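One structure is given here, and the rest of the page talks about it.
Keep in mind that the numbers below use all heavy atoms, side chains included, and drop hydrogens, waters and symmetry copies. Quick caveat: nothing in here was measured; it's all calculated off a predicted structure. Just so you know, residue 1 is the first one in the sequence shown, and it goes up from there.
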Amino acid sequence: MKQLFFVLFLASLTMGQAPTPPPSQSVPAEQENARKARNLLDQVIQALGGQAYLSVQDTSQEGRTYSFFHGQPNSVGLLFWRFYRFPDRDRIELTKKRDVTYVYNGDQGFEITFKGTSLQDPKDLTDYLRRRKYSLDWVLRKWLAEPGVALFYEGPTVAEQKSVEQVTIMNARNEALTLFVDANSHLPVKKSFSWRDPTDKERNVEEEIYDGYRLVQGVMTPFSITRTYNGDMSNQRFLNSVSYNKGLEDSMFNVTPTNNPHQPAPKK
């Protein structure tokens, strides 16, 4: 009987000293979510052309642009020519005679008309710089390369009558953009961002919708771009031609104001 008790006692010690099972190797949910978001964004870049898209240094466009007020068209449309050099050089020429031009160089904006060259209206410049900061090129080519960027996969949904996947990119400055990606082609269908007006503190939502993709020099290019502001259509552009990497000259973006209507007149 004593021997049986002794055997049972040793068995209990052995069981008590059994090694602790290793901790679970499962990935935390937030890491898995960020991984899915990154994979989707990688698919977007590949769908846009992969290295061909990432290697675009300048873009030349010609088309027609339409403006809207409270969702209703307020013009018959204007011909435009746009010359953009990544990331912050932009020249937009309007009308058939190309006699109205807007030039952006860094954070400066200029308006060129028959009256001369002026600094752009401060509000119009602010609106342009905000749109550029949230542009698809900046988000995919600048934000994703910055430290502190956070990615959130938000699953399947519907946008513009298409099955899409939704992903949000937030940079270290707490600026966020949501991208809606075609579930089949992985091309961008729509992007959306919001901002708070510093004057009235109201929150505004701006969106851009992409359609009519065509392959140009290895880059999938939307030939129809629609902007909305708080749910109302604000601008629509239809491209007739696009070309990439033409080697745009610095002189296209280097201008000097000849007058500044926004500067107060000197006191007499």
Taking only residues two or more places apart in sequence or in another chain, which ones pass side-chain contact (heavy atoms from CB on, under 4.5 Å) with [X]?
X: Q108; value: F110
X: S241; value: E62
X: A47; value: H186, L187

For [X] versus [Y], what's the shortest heavy-atom pair and its separation?
X: F193; Y: A176; answer: CB-O, 3.6 Å
X: Y134; Y: L177; answer: O-CD1, 3.2 Å
X: L129; Y: G106; answer: CD2-O, 4.1 Å
X: P188; Y: Y210; answer: O-CB, 3.7 Å
X: S60; Y: K246; answer: OG-CD, 3.5 Å

Let me see the working for T168 and E154 under side chain to side chain donor-acceptor pair (under 3.5 Å), right down to the final yes or no.
CA-CA 7 Å; T168 293; E154 296 172 308; 2.7 Å; yes
How long is the gap from [atom1] on [X] to [atom2] on [Y], to the nearest 0.5 Å?
X: W143; Y: K133; atom1: CH2; atom2: NZ; value: 7.5 Å
X: L179; Y: K190; atom1: CG; atom2: NZ; value: 11.0 Å
X: L140; Y: L54; atom1: CG; atom2: CG; value: 8.5 Å
X: E208; Y: K191; atom1: CD; atom2: NZ; value: 4.0 Å

For [X], enumerate each residue passing the salt bridge (Lys or Arg N to Asp or Glu O under 4.0 Å) test, keeping only those at least two apart in sequence or located in another chain.
X: K123; result: D127
X: D182; result: none
X: R132; result: D107
X: R214; result: none

Any heavy-atom pair between the side chains of [Y] and [X] that's under 4.5 Å?
X: F83; Y: E93; answer: yes
X: Q217; Y: S243; answer: yes
X: T95; Y: L79; answer: no
X: L48; Y: Q46; answer: no

Kindly write out the residues that satisfy side-chain hydrogen bond (donor to acceptor under 3.5 Å, both in side chains) with R64, not counting sequence neighbours, or none if the list is empty.
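Applying side-chain hydrogen bond (donor to acceptor under 3.5 Å, both in side chains) to R64 gives none.
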Main-chain N/O of [Y] paired with [X] side-chain donor or acceptor, under 3.5 Å:
X: N230; Y: V205; answer: yes
X: S135; Y: W138; answer: yes
X: Y84; Y: P87; answer: yes

Tell me, which pairs form a salt bridge (Lys or Arg N to Asp or Glu O under 4.0 Å) where one or both residues lie in [range], sequence neighbours left out?
range: residues 137-147; answer: E146-R173
range: residues 197-206; answer: R130-E206
range: residues 78-88; answer: R82-D90, R85-D250
range: residues 27-41; answer: E32-R35

Is there a side chain to side chain donor-acceptor pair (under 3.5 Å) between T113 and D99? Walk through the geometry before answering.
CA-CA 6 Å; T113 66; D99 53 2; over 6 Å; no
Pair [X], [Y]: side-chain N/O donor-acceptor within cut-off below 3.5 Å:
X: Y53; Y: Q51; result: no
X: S194; Y: N204; result: no
X: N171; Y: E175; result: yes
X: S192; Y: T178; result: no
X: N74; Y: S67; result: yes
X: Q236; Y: T226; result: yes
X: T221; Y: Y244; result: yes
X: E165; Y: Y153; result: yes

Does the ring center of Y104 lie less than 6.0 Å from the ring center of Y128?
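Ring centres of Y128 and Y104 closer than 6.0 Å.
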Say whether F86 and L144 are linked into one hydrophobic cluster, either directly or through other cluster members, by side-chain heavy-atom distances under 4.5 angstrom.
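No.
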